[in-house]
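Everything below concerns the one structure shown next.
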Amino acid sequence: MALSDEHPCLDPFAQEVVLTNGILQVDPELELQELRPALSAALRQMMNRAGVRLADLPLGALRQRPEWLAAELEVS
């Protein structure tokens with residue numbers, strides 16, 4: 001809810017992005033250009049609340065994979 005002003009697809013009443021029992025459901029009509037930054041912001045907010053820094057996670061070789069690089073999670 002806190003991110004829905006900046007990322008309308010995260011508005012719980014819109015039901016475009018729903019997490020239920022650990023399963024992420026995304027409206028098939030939602031554009032990737034809207035979804036990607038919204039999920040990135042949600043991940044960052046969750047990690048900030050938990051006091052976890054992305055740089056401290058033992059991700060090893062995952063950081064070299066194209067999917068990781070495409071997610072653009074680690075920005076300087």
Side-chain angles (χ1 to χ4, degrees):
M1 188 72 174
L3 296 172
S4 64
D5 284 343
E6 188 175 340
H7 303 284
C9 67
L10 297 179
D11 184 331
F13 299 106
Q15 296 287 299
E16 291 180 292
V17 179
V18 179
L19 181 65
T20 307
N21 297 325
I23 298 172
L24 186 66
Q25 298 174 0
V26 178
D27 184 322
E29 295 185 18
L30 182 61
E31 296 288 330
L32 182 60
Q33 295 87 345
E34 184 178 354
L35 177 64
R36 180 184 282 171
L39 291 182
S40 179
L43 174 62
R44 289 179 195 282
Q45 184 182 69
M46 178 204 62
M47 291 182 69
N48 284 338
R49 285 184 178 173
V52 175
R53 293 179 343 134
L54 189 60
D56 294 338
L57 295 177
L59 301 174
L62 176 62
R63 286 188 163 97
Q64 304 307 312
R65 294 186 51 90
E67 299 90 347
W68 182 264
L69 298 173
E72 300 176 346
L73 291 171
E74 296 187 74
V75 292
S76 42

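Not measured: the values here are computed from a predicted model.
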Under a 4.5 Å side-chain heavy-atom rule over Ile, Leu, Val, Met, Phe, Trp and Tyr, are [X] and [Y] clustered together?
X: L54; Y: M46; result: yes
X: L3; Y: L32; result: no
X: V18; Y: L24; result: no
X: L43; Y: L10; result: no

Answer yes or no: are there more than 12 heavy-atom neighbours, outside R65 itself, under 6.0 Å from its atom CZ?
->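 Not more than 12 within 6.0 Å, no.
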
Around E6, counting heavy atoms of other residues, nucleotides and ligands shown, do more than 12 lie under 6.0 Å from its CD?
-> no

Sidechain-backbone polar pair: S40 side chain, P37 backbone, donor-acceptor under 3.5 Å | no

Heavy-atom check, side chain of L39 versus side chain of V26, under 4.5 Å =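 A side-chain contact under 4.5 Å is absent here.
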
Restricting to non-hydrogen atoms, name the atom on [X] and the atom on [Y] that form the minimum distance, rounded to 0.1 Å.
X: F13; Y: M1; value: CE1-CE, 4.2 Å
X: D27; Y: E29; value: OD1-N, 2.8 Å
X: Q45; Y: A2; value: NE2-CB, 3.7 Å
X: L57; Y: R63; value: O-NH1, 3.3 Å
X: W68; Y: L62; value: CB-O, 3.1 Å
X: A14; Y: P8; value: CB-O, 4.3 Å

First locate atom CZ of R36, then atom CG of L30, and finally report the distance between them rounded to the nearest 0.5 Å.
->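 Taking CZ in R36 and CG in L30, the distance rounds to 12.5 Å.
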
CG-NE2 distance between L35 and H7, expressed to the nearest 0.5 angstrom = 10.5 Å

